[in-house]
Amino acid sequence: MDWLWGINVSRALMDAVRKITGKRTILSAGRVQSPTLVEAVRRWREIKLAVPIPSFNITVTLRKDTMEFNAYPDGWAPNTRKEAIQITKQLRETPWLRVENITWKSNTIRPPPAFNLGDLQSEAARLYRFSPMKTQKLAEDLYLEALISYPRTNSQKLPPTINYASIIKSLASIPTYSKLVQQLEVETRGVLRPVQGRKDDPAHPAIHPTGVKPRNLDPDHAKIYDLIVRRFLAAFSKPAQIERVSVKLTDRHGRMYAAKGIRVVDDGWWKYYPYLRPKEVYIPKLTQHEKVKIVKVGYSTKWVSKKPQLSKTSLLKWMESQQIGTEATRARIIEILYKRGYLESRGGKTIVTDLGMYVSEVIEELFPDLAKVELTRRFEEYIDAIRTGKTTRKRVIDETIRELDALIRKYKERLDHVGNKLAIALGALEPQVKCAICGREAVAHRPFTMCKYHKEAYERLTNTIPIVVEKMNVSEGEALRLIASRRGEAGLWVIEVAKHLQLLSSEE
DNA sequence: GCAAGGTC
Ligand SMILES: [Zn+2]
């Protein structure tokens, strides 16, 4: 069924391009890659269409004896810039905050379970910016050297059938870990009971070292090996303890502020796996009703937009959450999206190409089932039904062929439409009417000729302008200029529209 | 050549 869907839809896409351009271009579609591409496109559009809204924060720096610490508005925020300026001024005039109450809270943080492949890929990306494919390759190398257990596993469990004691004993003879292992032996008094994670695998336990001594690992392999060993050791260790302190303070006008501290009381498993240890923030000893001196106060404007993440790692996590693909294939399938030219890396960031956007659209329009994760669920049900004898392999395959046959028939009627779309995306064909900003095919003409992306950006922008006018107390023209200057927070399509509108108004 | 699932 994967083969039928994949081969037929891939060829359908390629045929459309060849008919219009006469060129052979390799394109593909599939049960796992296509929903992943659609998700990447969805995120990409949100990134490009993000319109930021200004928000205001006040930072109050306090001093007790010689120690400085920060407090921030608690449960409220200035609504407008005018308000932020006014409050800042009042705090400078009455430069103290009064302590209303102090609360302490102790937290126990249990060690995380040993790695499954997804968790390892996620940590290697966070700490070393390794791509999921790179981490998988490094882990597979370590496995083939017999240094670690099978890496293509979803399990976070270390069953007692694994001889923990002998592995840990062997690790003691590796100089890097001998001290840690000694510590673990003292701490556990030889009682080895690892934490078990929720996720499981039908065939393999969590990734763990075998105890075989590594020789001459290059730096990248050593990093992955180190993460695996430390995470394994941490699983046997005791919980860490932290203490959080929260100080609530008020100003002369009764507005509430909070200063928050965090202190590590017991390092516990962070001794073995320090990569998740929180950063400590110290707050001096204070007493209730005490007035604390303000030494500095300022407001900051933060432009907030909700941009989703788009990276190899975030796509892999999405695939895991949707339960599509397997440990062996997820990273590989993401690389296929790059190989096809649907995704590209630019300056360490993932971008979606026009080809990716248009292929995703064509699949959604003409092979909608292949664009959704539900197709995988249906496959699973078929397999179950075959297994339990409710249907047969032949019946399922025949139905798939009939279904695809009907889809391909409809597709052929639209071959020119699809071919034109993809040829334009590939730059082999010019659209008839072009967007004034980007030259893509135009779909609207007011207030200027726009493609569908800039049209959407225009609509979102015009909805947000009044909010910026109110919050920043500026004219519409100034609001446009402000948004156009928020390179980090505003989406590129929105910035382009804002600049184009400025240009149009200056010509008037 | 095109999918997705495996393995080493
Ligand atoms: Zn455009």
Side-chain angles (χ1 to χ4, degrees), chain A residues 1-19 21-39 116-118 132-133 136-155 201-204 207 210 212 221 315-316 318-320 322-343 355-356 359-360 362-363 366-367 369-384 386-387 393 396-397 400-401 403-404 407-408 411-412 415 418-419 422 426:
Chain A
M1 279 162 23
D2 272 331
W3 186 86
L4 286 168
W5 275 98
I7 300 297
N8 283 291
V9 177
S10 297
R11 285 182 185 171
L13 294 171
M14 291 186 277
D15 287 347
V17 171
R18 201 169 72 191
K19 192 183 170 206
T21 67
K23 283 189 201 140
R24 286 173 190 271
T25 312
I26 298 176
L27 299 172
S28 64
R31 174 178 55 81
V32 178
Q33 64 169 260
S34 295
T36 307
L37 174 62
V38 169
E39 176 64 13
N116 65 11
L117 182 60
M133 194 70 241
Q136 181 173 340
K137 177 79 174 55
L138 292 167
E140 282 168 348
D141 292 343
L142 295 172
Y143 168 62
L144 293 177
E145 292 289 321
L147 299 177
I148 62 165
S149 64
Y150 187 83
R152 291 179 290 262
T153 174
N154 183 44
S155 174
D201 187 285
H204 307 282
I207 306 173
T210 56
V212 171
H221 285 97
L315 286 175
L316 185 117
W318 181 81
M319 293 165 91
E320 281 181 347
Q322 300 299 310
Q323 303 191 46
I324 59 171
T326 67
E327 279 62 41
T329 59
R330 283 180 199 127
R332 197 192 298 169
I333 286 169
I334 290 167
E335 294 303 319
I336 288 174
L337 296 177
Y338 280 76
K339 204 170 164 197
R340 297 282 173 268
Y342 302 160
L343 306 184
L355 180 64
V359 165
S360 149
V362 169
I363 296 170
L366 290 153
F367 301 98
D369 284 345
L370 197 60
K372 301 187 198 108
V373 296
E374 283 74 25
L375 187 63
T376 296
R377 299 293 94 82
R378 228 169 83 201
F379 274 32
E380 289 159 353
E381 283 164 19
Y382 283 152
I383 289 168
D384 254 11
I386 294 169
R387 194 182 279 139
R393 179 194 139 95
V396 167
I397 300 271
T400 303
I401 291 172
E403 207 178 331
L404 272 166
L407 288 171
I408 297 283
Y411 179 84
K412 284 203 170 134
L415 202 64
V418 172
L422 295 181
L426 285 161

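Every chain is numbered from 1, with letters handed out A, B, ... down the list of sequences.
Closest to the A/T326 side chain, of the nucleotides B/dT7, B/dG1, B/dG5, is B/dG5. In the set B/dC8, B/dC2, B/dG5, the nucleotide with an atom closest to the side chain of A/S10 is B/dC2.
A/R31 comes within 4.0 angstrom of the backbone, heavy atoms only, and of no base. Across all strands, A/L13 comes closer than 4.0 Å to no nucleic acid atom at all (heavy-atom distances). In this structure, A/L27 reaches the sugar-phosphate backbone alone: every heavy-atom distance under 4.0 Å involves primed, P, OP1 or OP2 atoms, never a base.
One atom, CD1 of A/I26, and another, P of B/dG1, lie 7 Å apart when rounded to the nearest Å. A straight line from CG of A/L37 to C1' of B/dA4 spans 16 Å, rounded to a whole angstrom. In this structure, A/E327 places its CD atom 16 Å from P of B/dA4, rounding to the nearest Å. The CG atom of A/D2 sits 21 Å away from the P atom of B/dG1 (whole-angstrom rounding). With rounding to whole Å, A/I363 atom CD1 is found 12 Å from B/dA3 atom C1'. If you take CD1 of A/I397 and P of B/dA3, they are 18 Å apart, rounded to a whole angstrom. B/dA4 atom P lies 11 Å from atom CG of A/L375, rounded to whole Å. At whole-Å resolution of the value, CE in A/M1 and C1' in B/dG5 are 13 Å apart.
For the pair A/H221/A/L142, a side-chain contact is recorded, criterion being any heavy-atom separation below 4.5 Å from C-beta on. Side chains of A/V359 and A/R340 form no contact here, defined as non-hydrogen atoms less than 4.5 Å apart.
Look at A/S28 and you won't find any side-chain N or O under 4.0 angstrom from OP1 or OP2 of B/dG1. Dashed line: the shortest gap from a side-chain N or O of A/Y150 to OP1 or OP2 of B/dT7 is under 4.0 Å. Look at A/R332 and you won't find any side-chain N or O under 4.0 angstrom from OP1 or OP2 of B/dG5. Between B/dG5 and A/T329, a contact under 4.0 Å exists linking OP1 or OP2 to a side-chain N or O. A/R152 has a side-chain polar atom (N or O) that falls below the 4.0 Å cut-off from OP1 or OP2 of B/dT7. OP1 and OP2 of B/dC2 both lie 4.0 Å or more from every side-chain N or O belonging to A/R18.
Mapping A/R340 and A/Y143 onto DNA chain B via the closest heavy atom, the residue that lands nearer the 5' end is A/R340. Comparing A/L144 and A/G6 along DNA chain B, the residue whose closest nucleotide (by nearest heavy atom) sits nearer the 5' end is A/G6.
For A/T36 against A/L315, the heavy-atom pair with the smallest separation is O-CD2, 4.2 Å. Residue A/D201 comes nearest to A/R152 through the heavy atom pair OD2-O, 4.3 Å, listed as atom of the first residue, atom of the second, then distance.
Ion pairing between A/R377 and A/E380 holds under the 4.0 Å rule for side-chain N and carboxylate O. Under the 4.0 Å criterion applied to side-chain N and carboxylate O atoms, A/E335 and A/K137 are not assigned as salt-bridge partners.
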